[in-house]
Amino acid sequence: QGAGNVGGTVANLLHQSGVRVIGLSDIDTGLVNRKGLDVPAVLAWQAKKRTLKGCRLGEHCSNEDVLTTECDILIPSATENQITSRNADKLRTRIIVEGANGPTTANADRILDAKDVFVVPDILANAGDVIVSYFEWVQDRAAYFWEEKDVNDRLEIQMRKSFAQVLDRSRAAKVDMRTAAYMEAINRVANFTRMRGLYP
């Protein structure tokens with residue numbers, strides 16, 4: 001869901017990696033092709049027309065229908081509160097990766113957990129921009145600038161490490177990934193606070 005900077009980029013990267021992207025949507029409409037969308041062509045249409053309306057590379061449907069289309073991985077990358085108690089039980093996916101901020105409500109989280117849907121929460125899934133901002137700060141401080149490949153390689157290392165840490169905590173505490181991510185974040189803040197001696 002979403003064909004902008006996040007959704008469109010993710011769809012294109014997945015397509016380049018050989019993943020079959022079967023659905024994509026923007027604010028106006030959804031586009032589904034069970035055989036797989038020609039993502040570069042769809043995004044080229046959207047860039048030219050500023051909408052997916054009229055694109056004949058798939059069947060048009062509502063944004064709601066895109067969310068409930070059967071798939072292995074659903075990536076809500078538009079706006080908040082898209083997965084709610086009204087539609088969470090209708091989702092037919094095994095994995096949700098939250099590209100948007102807060103796309104899933106707390107009530108929907110409980111429904112998804114009961115359905116055993118693995119949710120990679122926004123605080124983890126879309127942390128890349130914050131990490132890269134930190135990389136930019138590090139480069140500015142050192143007055144030494146990396147190639148794009150170096151940035152991407154370092155980002156992948158950090159994202160994989162963070163995912164593994166949250167997953168480990170989720171399994172150890174027997175909680176969902178969102179709760180585990182919050183636990184990991186709070187633990188890190190507490191540890192750094194103790195290390196710096198800000199409080200006795």
Side-chain angles (χ1 to χ4, degrees), residues 1-21 23-27 37 39-44 46-47 50 52 66-67 71-83 93 95-104 109 118-171 176-196 198:
Q1 184 193 40
N5 288 337
V6 178
T9 300
V10 169
N12 202 34
L13 289 171
L14 289 172
H15 178 79
Q16 290 173 13
S17 299
V19 174
R20 180 162 51 104
V21 178
L24 194 61
S25 69
D26 65 7
I27 194 170
L37 291 168
V39 174
V42 171
L43 294 177
Q46 200 241 8
R50 302 292 181 199
L52 289 178
V66 169
L67 287 175
C71 60
D72 294 315
I73 304 171
L74 175 65
I75 308 175
S77 302
T79 59
E80 62 184 10
N81 299 329
Q82 294 300 298
I83 300 173
T93 186
I95 300 170
I96 295 175
V97 180
E98 297 183 336
N101 292 325
T104 308
D109 257 337
F118 185 82
V119 179
V120 182
D122 53 357
I123 191 174
L124 177 61
N126 66 29
D129 58 345
V130 177
I131 293 170
V132 171
S133 292
Y134 170 72
F135 289 166
E136 290 174 356
W137 177 79
V138 169
Q139 292 172 80
D140 285 340
R141 295 278 292 175
Y144 179 78
F145 300 96
W146 310 334
E147 297 295 326
E148 182 179 350
K149 183 181 183 306
D150 295 329
V151 174
N152 288 334
D153 288 346
R154 290 169 190 264
L155 175 61
E156 182 174 348
I157 290 168
Q158 189 59 51
M159 291 298 291
R160 284 178 179 271
K161 179 182 175 184
S162 296
F163 179 86
Q165 289 171 335
V166 173
L167 183 60
D168 287 346
R169 187 171 288 275
S170 170
R171 288 171 173 168
D176 61 75
M177 287 287 284
R178 191 182 313 281
T179 303
Y182 292 150
M183 291 170 68
E184 186 68 19
I186 292 168
N187 187 61
R188 288 183 188 186
V189 171
N191 283 341
F192 282 116
T193 300
R194 283 195 296 269
M195 284 170 58
R196 293 178 177 179
L198 298 181

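Side-chain atoms are counted along with the backbone in the values below, which use heavy atoms only and exclude waters and symmetry mates.
Residue Asn152 holds its CG atom at 10.0 Å from CZ of Phe135, rounded to the nearest 0.5 Å. Taken to the nearest 0.5 Å, the OG1 atom of Thr104 stands 9.0 Å off from the CG atom of Asn81. To the nearest 0.5 angstrom, Ile95 atom CD1 is 11.0 Å from Leu74 atom CG. Between the CG atom in Leu167 and the CZ atom in Arg171 there is a gap of 4.0 Å [rounded to 0.5 Å]. Of the inter-residue distances, the one linking Glu184 atom CD with Thr179 atom OG1 reads 13.0 Å to the nearest 0.5 angstrom.
Between the side chains of Arg188 and Asn191, no donor N or O sits under 3.5 Å from an acceptor N or O.
Looking at Val132 and Leu155, their side chains come closer than 4.5 Å, going by heavy atoms from C-beta outward. Thr79 has its side chain within reach of Gln82: a pair of non-hydrogen atoms, C-beta onward, lies under 4.5 Å apart. Residues Asn101 and Glu80 are not in side-chain contact: their nearest non-hydrogen atoms beyond the backbone lie 4.5 Å or more apart. Using a 4.5 Å heavy-atom cutoff, the side chains of Leu14 and Ile75 are in contact. The side-chain heavy atoms of Leu24 and Leu43, taken from C-beta on, include a pair separated by under 4.5 Å. Counting only heavy atoms from C-beta outward, the side chains of Met177 and Phe163 approach each other to under 4.5 Å. Counting only heavy atoms from C-beta outward, the side chains of Asn126 and Glu98 never approach each other to under 4.5 Å.
In this structure, Glu147 places its CD atom where only 12 or fewer heavy-atom neighbours from other residues, nucleotides or ligands lie under 6.0 Å away. The environment of OH in Tyr144 is sparse: at most 12 heavy-atom neighbours from other residues, nucleotides or ligands sit within 6.0 Å. By the 6.0 Å contact criterion, CD1 on Ile27 is open, its count of non-hydrogen atoms from other residues, nucleotides or ligands being 12 or less. The environment of Asp129 atom CG is dense: over 12 non-hydrogen atoms of other residues, nucleotides or ligands sit within 6.0 angstrom.
Distance alone, capped at 3.5 Å, is enough to place a donor-acceptor pair between the Asp122 side chain and the Gly102 backbone. The backbone N or O of Ala100 sits nowhere less than 3.5 Å from a side-chain atom of Ser77 that would complete a donor-acceptor pair. Of the possible donor and acceptor atoms, none in the side chain of Asp26 sits under 3.5 Å from a partner among the backbone N and O of Ala3. Proximity of a side-chain donor or acceptor of Ser162 to a complementary backbone N or O of Gln158 within less than 3.5 Å is detected.
The side chain to side chain donor-acceptor pair (under 3.5 Å) analysis of residues 134-143, with sequence neighbours excluded, yields no pairs.
In terms of heavy-atom proximity, Asp109 sits nearest to Arg178 at OD2-NE, 2.5 Å. Contact between Ile123 and Ala181 at its shortest, heavy atoms only, is CG2-CB, 3.5 Å. Residue Ile83 comes nearest to Pro76 through the heavy atom pair CD1-CG, 4.1 Å, listed as atom of the first residue, atom of the second, then distance.
Using a cutoff of 4.0 Å between basic side-chain nitrogens and carboxylate oxygens, Arg154 and Asp150 are not scored as salt-bridged.
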